[in-house]
Amino acid sequence: MRTTVTNILFCVVLSLAPGTLCAQTYQKLSSLDSWMDRFKTTAAQVRSLQAGFVQSKYVTMLEEKIVSGGTFYFRQPDQISLHYRTPVPYQVVIAGRKMRVVSSGKSESYDLKDNTLTGEMQATLSACMSGNLSGLMNRYNIQVFSGGSLYKIEVTVKPGAQSYGISSVEVILDAKDFSMTKMVIRETSGDYTEYEFSAKKANIPLADSVFALR
Amino acid sequence: MNSLQKKPIFLLPIRCLHCVSLCCVLLLAGCVSLGPFRNPEVRQLSRSALYPPFATGTLQRMDLSVDVAGRHFSGLLLLKPLSDTTFRVVYTSYAGPTLFDMQVSPSGYQVHQCMEELNKKKILGLFARMLSELLLISVPDTFQGGVYSEMVIQGVAKEGTGAVQTTVGHTMIRTGSGGQKTYYWVDQQQQELHAIRIPGFLSGWRFQLLTSEDGLLERVDVRFQSLVGVRMVLTRVAP
């Protein structure tokens, strides 16, 4: 009898554990000023970052999840490079308002002024990497939440502002060093993309070729 | 002294005319590849005789690369059959955002979502037409088709690469009539569709399909007669 009860309790604990881990509870920070100063100061210390990433795109209508992954690179102030290895080799480099995409061995350059959705994604990502959220406040509402060892930044399009197909961006930061552990971009259609970062290495030398725009 | 100065100057227009004629003949030779096929046997056929390549009932993932005016872009194309002739098609960037989400059916196409930059009737119409032809959406369940069997398709063998080069023993099926004809090259033994040709000087399309040994569609090469420099290539992506 005692063994049965123990087994049931064990099963209950096991079944609750993943939920407890996933459903992190967050509390909204009432005052952002001091938190944003701390974020900016800490993030500024990370001059470069290399991390592995797994990208999961959820296509709601098809109930389909597309998983891809590779290596993420960042260098201050606004250089971002995503090197996809799976499912197909693909590379996206964004520096300032320029973007280069390498697919099927062909390289194409774009001006982000002409590509509004990607431009908004780059602005949001750069702001969250550099700790400078003030530039986003014109077009977005920003809320910050605290939960255990994590912070969550919720960036939502202000009512009346052009959405460019994005309804919100959610960024999870490690409270210890303010480094990004997860980002979720939600589209107005209901589709969303999750980027999970791991094996983060800060301030390591990164070759210029990683961010080359040509 | 160069070669032009060897001949009297009044012969120059005639030489140019010869060059133009030669170009026209070469152009026509490239366009007209159905020469060997005369007097097809007219039969009542079903759509399944064309071996629709995406009729498996499951979601298919293809890389779709597009080359247009010297620019190149690619993304992941998800094709979900909702019925034999209705498909939900989502084209998504590898970096995340959905480029377009549309439904193609015999009655046309319906856009559910589209990135602002692509949301132009001509662009979406081109994608929808390409998908409609490739997915055999415009082919009725049963139709009167012209069947050309067991012939050597020399004309097509000259034009392309890949699947269509193996042309001996294939069957060519013609659907439609008048100006709306479409030609399908099928391999009866392998039960595979190998090529689609929609003739037309300005509105012609050509699809070449390559199937792997295990019967999976590996690659589709799409060319447009009127849009020189526009090319679409679909390549199967492992789930």
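All chains are named by letter (A, B, ...) in the order of the sequence lines, taking the proteins before the strands, and each is independently numbered beginning at 1.
- For a residue to count as touching a neighbouring chain, one of its non-hydrogen atoms must lie under 4.5 Å from one of that chain's; by this rule A:Y192 does not touch chain B.
- With a 4.5 angstrom heavy-atom cutoff, A:V92 touches chain B only via side-chain atoms.
- Using a 4.5 Å heavy-atom cutoff, the side chains of A:V88 and B:T235 are not in contact.
- For the residue pair B:H112 and A:S189, no side-chain donor N or O sits within less than 3.5 Å of a side-chain acceptor on the partner.
- The local environment of NZ in A:K201 is sparse, with at most 12 non-hydrogen atoms from other residues, nucleotides or ligands closer than 6.0 Å.
- Interface remark: of the candidates B:C114, B:S74, B:A95, B:A95 forms the most heavy-atom pairs closer than 4.5 Å to chain A.
- Note on A:S103, A:S56, A:G165, A:S107: by heavy-atom pairs under 4.5 Å with chain B, the leading option is A:S103.
- When heavy atoms are compared at a cutoff of 4.5 Å, B:T92 approaches chain A solely by way of its side chain, counted from C-beta outward.
- Heavy-atom neighbours of chain B within the stretch residues 67-87 of chain A, taken at a separation under 4.5 angstrom, comprise A:S68, A:Y84, A:P87.
- Across B:H72 and A:S104, no two heavy atoms sit closer than the pair NE2-OG, 3.7 Å.
- With a 4.5 Å cut-off on side-chain heavy atoms, A:E187 and B:Q113 count as touching.
- Taking a 6.0 Å sphere around NZ of A:K28, one finds it holds 12 or fewer heavy atoms contributed by other residues, nucleotides or ligands.
- Using a 4.5 Å cut-off between heavy atoms, A:I166 makes no contact with chain B at all.
- For the pair B:Y94 and A:Q91, the minimum side-chain heavy-atom distance is 4.5 Å or more.
- No more than 12 heavy atoms of other residues, nucleotides or ligands sit less than 6.0 Å from atom NZ of A:K40.
- A donor and an acceptor atom, one from each side chain of B:T98 and A:K57, are located under 3.5 Å apart.
- Applying the 6.0 Å contact sphere to CZ of B:R71 captures more than 12 heavy atoms from other residues, nucleotides or ligands.
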query: When you look at A:E64 and B:R61, which way does the salt bridge (charged side-chain N to carboxylate O under 4.0 Å, His left out) test go after all the steps?
result: CA-CA 11 Å; A:E64 184 70 7; B:R61 294 166 181 230; 2.4 Å; yes

